[in-house]
Amino acid sequence: MAKESIIQSAFEHATERYAALGVDVNRALADMKKISFSLHCWQADDVTGFENQGGALTGGIQVTGNYPGRARTIDELRTDIKQATSYIPGSHRLSLHEIYGDFQGKIVDRDEVEPEHFQSWMEWAKENDLKLDFNSTSFSHPKSGDLTLANPDDEIRNFWIEHTKRCRRISEEMGKFQQDPCMMNLWVHDGSKEVPANRLRYRQLLEQSLDEIFETKYEHMKDCIEAKLFGIGLESYTVGSYDFYLEYGAKKGKIVTLDTGHFHLTKSVADKVSSLLLFTPEIMLHVSRPVRWDSDHVVILNDDISDLAREIIRCQALDRVHIGLDYFDATINRVGAYVVGCRATLKAFLQALLEPSALLQQYEDEGKYFERLALQEELKSLPWGAVWDMYCLQADVPVGETYIPCVQQYEKEVTSKRS
Ligand code: RNT
Ligand code: ZN
């Protein structure tokens, strides 16, 4: 590791450079401490869960790779999450899917799940200073098929309505227990491989299902609805498209989840933030990285994530935007994948917080567009890395690449021993 004195002097130099542009580095560091991610539990075990071990992943999503060391039990998953968070600065949350319940070896169908199945999670989270978020699970189940909440078959549709209602109740209990609202994300894969005979019919059904699901008002949980472009095997039609959920959310006051992999690749997800902030209560993010398609690659510090973070900071919306992660890569060390993605996302926010917004705004107001462009370019090479190092040092997590051997060590001692 670079010596503390080197980190310190680089930080002092950076502080001066930023101060010359009117940026208070220490304020940016203080703001960084307010950023909390909701880590997705499903990166640790390739979206398998603890319900029916070994069951196939369905619902149009896919994990590639078979790197050794997948978490196979609740204990393994908890240990991995703890390990990952020890390399990520700040205090964060954990997002659970319903299939990750503590079912104690019993078969608990999706329409039977109860808050008690998450009691041990709530206690564990409390002990480990993590808050929980939640997700209903419509995929990887015999009744999943191509249609769940939009299924014309009442029996199947009601099964999923019951499931989702129960998930809201579980979220409410989690929120109450942790004295902090639990964000519940609702994503269903409903769609069709070929163009359906009638698109409206399924959307009407989905709207009806949602209305029924949301009938009960809760105080300790918040509903988020996640749209998608398409799923594998469901390419021609997605019932819960962005149009559908955006309008549902705007009309009924629900939070829209923006998954960065769920749009055409040239669409700017960052551009959506300011519009959503005007017309919906809050925003939930699923930070992911699409490569050619919704491939859920590990997040890296690229323009997409930088733009997104910048928009949130420029809108001063940190208190209205919930930052969840959603990627799954089984080709590399899974704990390492958490750390890479979270640290990359944090770096994007730090860069955004170090932006000389007043000066950029001034140039714009004065019509000085060359100056605005030039400054935006120069910002890219300012010494933000020195501030990042200081942030890690203050947060007592490994600085720079020094977390790599730590992850290797954990692999050697723990994950590589899982067969
Ligand atoms: C799928 C959605 C959804 C899932 C998780 C597992 O495309 O992004 O959020 O990734 O629920
Ligand atoms: Zn998602």
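Order of listing sets the numbers, starting from 1, for every ligand and every atom in it.
Given atom 7 (O) of ligand 1, the protein heavy atom at minimum distance is Lys228 NZ, 2.6 Å. Looking only at protein heavy atoms, the nearest one to atom 9 (O) of ligand 1 is Glu226 OE1, 2.7 Å. Atom 11 (O) of ligand 1 has His97 NE2, 2.7 Å as its closest protein atom, hydrogens excluded (heavy atom only). At the top of the distance list for atom 4 (C) of ligand 1, counting protein heavy atoms only, stands Asp326 OD2, 3.5 Å.
Taking every non-hydrogen atom of Asp259 and a distance limit under 4.0 Å, the qualifying atoms of ligand 1 come out as 8 (O). Within ligand 1, counting atoms from 1 as listed, the ones closer than 4.0 Å to a heavy atom of His262 are 1 (C), 2 (C), 7 (O), 8 (O). Interface atoms of ligand 1 facing His286, defined by a heavy-atom separation under 4.0 Å, are 9 (O). When each atom of ligand 1 is checked for a heavy atom of Phe328 under 4.0 Å away, the hits are 10 (O). Residue contact check: Asp294 has heavy atoms under 4.0 Å from atoms 7 (O) of ligand 1.
Within the model, atoms CG of Leu132 and CD of Gln178 stand 5.0 Å from one another, a figure rounded to the nearest 0.5 Å.
Geometric assessment of Lys252 against the ring of Phe214 yields a negative cation-pi assignment under the 6.0 Å and 45° thresholds. Because its NZ or CZ atom is both nearer than 6.0 Å to the ring centre of Phe177 and within 45° of the ring axis, Lys126 counts as a cation-pi partner of that residue.
The two atoms that bring Asp329 and Thr64 nearest to each other are OD1-O, 4.2 Å, heavy atoms only. Closest approach of Gly60 and Lys228 over heavy atoms only: O-NZ, 4.2 Å.
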Quiz item: For Lys272 and Tyr242, what are the C-alpha separation, side-chain angles and deciding distance, and is it a side-chain contact (heavy atoms from CB on, under 4.5 Å)?
Solution: CA-CA 11 Å; Lys272 299 179 186 305; Tyr242 186 60; 3.6 Å; yes

Quiz item: Would Tyr338 and His40 satisfy ring-ring contact (aromatic ring centres under 6.0 Å, His included), going step by step from the backbone distance to the final call?
Solution: CA-CA 9 Å; Tyr338 274 120; His40 53 313; 5.3 Å; yes

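For His40, no heavy-atom contact with ligand 1 is shorter than 4.0 Å. Neither the backbone nor the side chain of Asp296 has any atom closer than 4.0 Å to an atom of ligand 1 (non-hydrogen atoms only).
Classified by interplanar angle (parallel below 30°, tilted 30° to 60°, perpendicular above 60°), the ring pair Phe139/His97 is perpendicular.
The number of protein N, O or S atoms lying under 2.8 Å from the Zn ion (ligand 2) is 4.
By the 4.0 Å N-to-carboxylate-O rule, Asp319 lies too far from Lys34 to be salt-bridged with it.
Phe50 pairs with exactly one of Trp42, Trp121, Tyr100, Phe118 by the ring pair (Phe, Tyr, Trp, His ring centres under 6.0 Å) rule, that one being Tyr100. For the side chain to side chain donor-acceptor pair (under 3.5 Å) with Arg166, the qualifying choice from Glu112, His117, Glu98, Glu114 is Glu114, the only one to do so.
For the side chain to side chain donor-acceptor pair (under 3.5 Å) test, residues two or more places apart in sequence or in another chain that qualify with His141 are Asp109.
Taking a 4.0 Å cut-off on heavy atoms, Ile61 registers as neighbouring ligand 1.
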